[in-house]
Amino acid sequence: MEGTMHADAKIRAETGTESGPRGPGCSLRHFACEQNLLSRPDGSASFMQGDTSVLVGVYGPAEVKVSKEIFNKATLEVILRPKIGLPGVAEKSREQLIRNTCEAVVLGALHPRTSITVVLQVISDAGSLLACCLNAACMALVDAGVPMRALFCGVTCTLGADGTLVLDPTAKQEKEARAVLTFALDSVEQKLLMSTTKGLYSDAELQQCLAAAQAASQHVFRFYRESLQRRYSKS
Amino acid sequence: MLRFINLPQIYFNTCFRTVEPLEYYRRFLKENCRPDGRELGEFRTTTVNIGSISTADGSALVKLGNTTVICGVKAEFAAPPTDAPDKGYVVPNVDLPPLCSSRFRSGPPGEEAQVASQFIADVIENSQIIQKEDLCISPGKLAWVLYCDLICLDYDGNILDACTFALLAALKNVQLPEVTINEETALAEVNLKTKNYLNIRTHPVATSFAVFDDTLLIVDPTGEEEHLATGTLTIVMDEEGKLCCLHKPGGSGLTGAKLQDCMSRAVTRHKEVKKLMDEVIKSMKPK
C-alpha cells in the first residue's frame, strides 16, 4: 500500500514575507514523500525537498557477518551512493554522520546480533542534500518497522555575508553563502543529534541557526505525521 | 561452600574495570573526575615538537597524553586547476596504520581514517588557514601543492584534536623556496637559498568532547572513554572566537545550553594551545 503524500509545506516564518516560491527569510521548500515503493527492501522511501530527491531502502533486522556482529545490539550499516561517479571520501564521511544519527535513535538492543542496512541513492541534488538524506532515511526506517525511540529530521541553513539566515537552501544559495550548517534534530525534545558545518560563523550565529532549525523541524515532523496518517488511513 | 579470599583492592579494581567498564567509569564520574586523575574539563599533557623531519618541507609531532600524531608537509609543483588558475592546492591525508592500534588492519584506509581526512580537509577549507592564492607561482601555469600527511603513531582517543594541532604546527614550520619562471626557457628556477615561511592567516584549534549517558560532557576522551561514550562532539575555533567546524557525528542529543558550555571550554583551549605553539616556535627561530 503506497501513500503518495504531496504536502505543500510552504512555511512562512513569523516575520518573513512570502513572495513566489521562496520568500526572503525562513521558508522551507515543497516536500514530498513516498513510502514502500521498492519490493525487495523491508522498507523504502523517497523524499523530495524542492528538486533534491533521495531514494532509500532499508534491510533489517537481518543476518549479520560474525566479524561485524555486536553481542548486545544491532549493527547499523549505511551505504550512500552519489548520483554520478564512485563513492569517495566525502561519501564515507556522510555515511558516518547518517549512521551515528540512526544509531542514536534506533533501539538496537531489541535486535542483538542482527544487521540493519540503510542504502541511500541520490537521485538529484539541488541543495540541502544531507538533510534530505536524513529525512528519507527516517521515513524508510519507519516504513521498515525498525523500532526507534524518536524520529529525526535534517535541516540545512545558510548564513549570508551580511548574516541573513536562509533555511533549506538551493544549490546556488549554498554556493554563495558564507556558512552552511546542517543539523539533525530528534522529535521528542528537538535536541541536536548531529551537526556538520562549512564556513566560518560566530557562536551567536550558531545559536540563532539552531533555534531556526528547531522551529523548522516542527514542520518537518508534522509533515511526517500527516504523511503516515494519510498512508494508514487509506488501508 | 564459597570462601572469599581477602584480595588486595587493586586486583579487585582491575577485575571490575574489565568486567564492568561502564559502571567503573560511572563511579569516577559521580565524583567529577576520571580514572587517570583528570577533571572533566581537563586536557591531557600536550607536547609538540616542530621540524623533526629534515626531509620534509615542514613537520610537527604532537602528543596528547598517549595519542601521538606526526604531520609532514611536502611541497611540489602542479598546474593550477582550470577553474581557478590563480590558486594552489593543499591536500591532507590522515593515515591510521595498524601500528597505532589493534583495531586497524593494513590495506586501504578504513572508515575512521577517511572521516578524519575529510575533517582535516574541511578545517583547512573553512578556516582559510592558507590563502590558496599565496600558493600560486604563475597564474595558469604553475602553482604549489602542499601534501600534508598525518600519521598516527599511537591511538589513545581524540585523534582529531591531535591531527589539527599537528597540521597547524607543521604548516607554520613550512618554508618554501623562491621560484621564478625563466622567460626564455619557460622553466621554473628554484632558488633554494631564499626560503620564506607560509602566511598562516588563522590558527584553528580543535576541542573534542565525549557525551556520557546522554548528559555528562567530558573533554579530551581517551581511547577507552571514546568506546564507552554515547556520542562525541568536536569544535574547531579560531582566535577571534569564530567557529570553523562543529562536528557532531550523531550520538546522544545535546541542548543549546550544553553547546554553550562547550564553546567556552573551546575558547580557553584555544588560548592554551596558541600559547604552547608560540613558545615552541620562538624557541626554534634561531636556526
Side-chain angles (χ1 to χ4, degrees), chain A residues 67 72 76-79 87-106 134 137 149-150 152 154 159 178-214, chain B residues 22 91-94 105 108-123 125-129 201-202 204 211 214-215 229-238 240-264 266-267:
Chain A
S67 56
N72 59 345
L76 214 79
E77 268 172 35
V78 173
I79 302 168
V89 183
E91 274 71 43
K92 258 289 179 288
S93 177
R94 293 216 180 104
E95 282 174 13
Q96 193 221 31
L97 295 172
I98 298 172
R99 192 186 67 245
N100 287 359
T101 312
C102 294
E103 269 174 4
V105 289
V106 164
L134 285 162
R149 67 167 61 87
F152 60 92
L159 285 165
R178 166 168 58 99
V180 180
L181 299 93
T182 306
F183 301 112
L185 302 160
D186 81 339
S187 59
V188 181
E189 287 168 28
Q190 280 79 51
K191 277 201 191 157
L192 180 66
L193 288 175
M194 185 281 290
S195 120
T196 183
T197 66
K198 213 167 79 113
L200 273 174
Y201 49 95
S202 73
D203 188 13
E205 284 169 338
L206 168 71
Q207 296 294 349
Q208 196 192 4
C209 289
L210 191 55
Q214 282 169 335
Chain B
L22 198 54
V91 181
N93 184 43
V94 176
R105 301 272 154 81
E111 193 201 79
E112 197 159 349
Q114 292 194 43
V115 169
S117 297
Q118 184 64 35
F119 175 81
I120 297 292
D122 287 341
V123 168
E125 179 72 40
N126 294 341
S127 63
Q128 296 280 298
I129 187 172
R201 294 156 80 231
T202 55
V211 187
D214 301 339
T215 45
T230 50
T232 53
L233 168 69
T234 305
I235 298 175
V236 182
M237 215 176 237
D238 72 0
E240 293 159 28
K242 292 243 171 192
L243 291 151
C244 314
C245 186
L246 179 70
H247 185 247
K248 185 185 189 300
S252 342
L254 281 181
T255 55
K258 281 239 153 60
L259 270 181
Q260 219 29 60
D261 298 334
C262 297
M263 297 296 166
S264 29
V267 169

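Both backbone and side-chain heavy atoms feed into the values below; hydrogens, waters and symmetry mates do not. Just so we're on the same page: letters track the sequence lines, and every chain starts at 1.
Neither the backbone nor the side chain of A:Asp186 comes within less than 4.5 Å of any heavy atom in chain B. Only the side chain of A:Leu206 comes within less than 4.5 Å of a heavy atom in chain B; its backbone stays farther off. Only the side chain of A:Arg99 has a heavy atom closer than 4.5 Å to any heavy atom of chain B. Within the 4.5 angstrom heavy-atom criterion, only side-chain atoms of A:Leu210, from C-beta onward, approach chain B. A:Arg178 touches chain B through its side chain: at least one heavy atom from C-beta onward sits under 4.5 Å away, while N, CA, C and O do not. When heavy atoms are compared at a cutoff of 4.5 Å, A:Ala90 approaches chain B by way of both its backbone and its side chain.
For the pair B:Thr232 and B:Lys248, the minimum side-chain heavy-atom distance is 4.5 Å or more. Side-chain contact between A:Tyr201 and A:Leu181 is present, with heavy atoms from C-beta onward closer than 4.5 Å. B:Gln118 has its side chain out of reach of A:Gln96: every pair of non-hydrogen atoms, C-beta onward, lies at least 4.5 Å apart.
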Evaluate the criterion side-chain contact (heavy atoms from CB on, under 4.5 Å) for residue pair B:Phe119 and B:Val236; output intermediate values, then yes/no. CA-CA 10 Å; B:Phe119 175 81; B:Val236 182; 3.6 Å; yes
Using the side-chain contact (heavy atoms from CB on, under 4.5 Å) rule, take B:Gln260 and A:Gln207 through it: C-alpha gap first, then chi angles, then the decisive distance, then the call. CA-CA 9 Å; B:Gln260 219 29 60; A:Gln207 296 294 349; 2.6 Å; yes
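Comparing B:Ser252, B:Gly251, B:Gly256 by how many heavy-atom pairs each has under 4.5 Å with chain A, the most go to B:Gly251. When the candidates A:Val188, A:Leu200, A:Leu185 are compared by the number of heavy-atom contacts under 4.5 Å with chain B, A:Leu200 comes out ahead. Comparing A:Ser202, A:Gly199, A:Ala179 by how many heavy-atom pairs each has under 4.5 Å with chain B, the most go to A:Gly199. By number of non-hydrogen pairs under 4.5 angstrom with chain B, the leading residue of A:Gln190, A:Glu95, A:Lys191, A:Glu189 is A:Lys191. The candidate from B:Asp238, B:Val115, B:Leu254, B:Thr202 with the greatest count of non-hydrogen atom pairs under 4.5 Å with chain A is B:Leu254. Per-residue counts of heavy-atom pairs under 4.5 Å with chain A were compared for B:Thr230, B:Asp122, B:Leu233, B:Leu246; the largest is that of B:Leu246. Counting heavy-atom pairs closer than 4.5 Å to chain B, the top-ranked of the candidates A:Ala104, A:Ser93, A:Ser195 is A:Ser195.
Interatomic distance, CG of B:Leu243 versus CG of B:Asn126, reported as 10.5 Å (0.5 Å rounding). Between the NE2 atom in B:His247 and the OG1 atom in B:Thr234 there is a gap of 6.5 Å [rounded to 0.5 Å].
Side chain of B:Ser127 to backbone of B:Cys244: no donor-acceptor contact under 3.5 angstrom is found.
Between the side chains of A:Thr182 and A:Thr196, not a single donor N or O lies within less than 3.5 Å of an accepting N or O.
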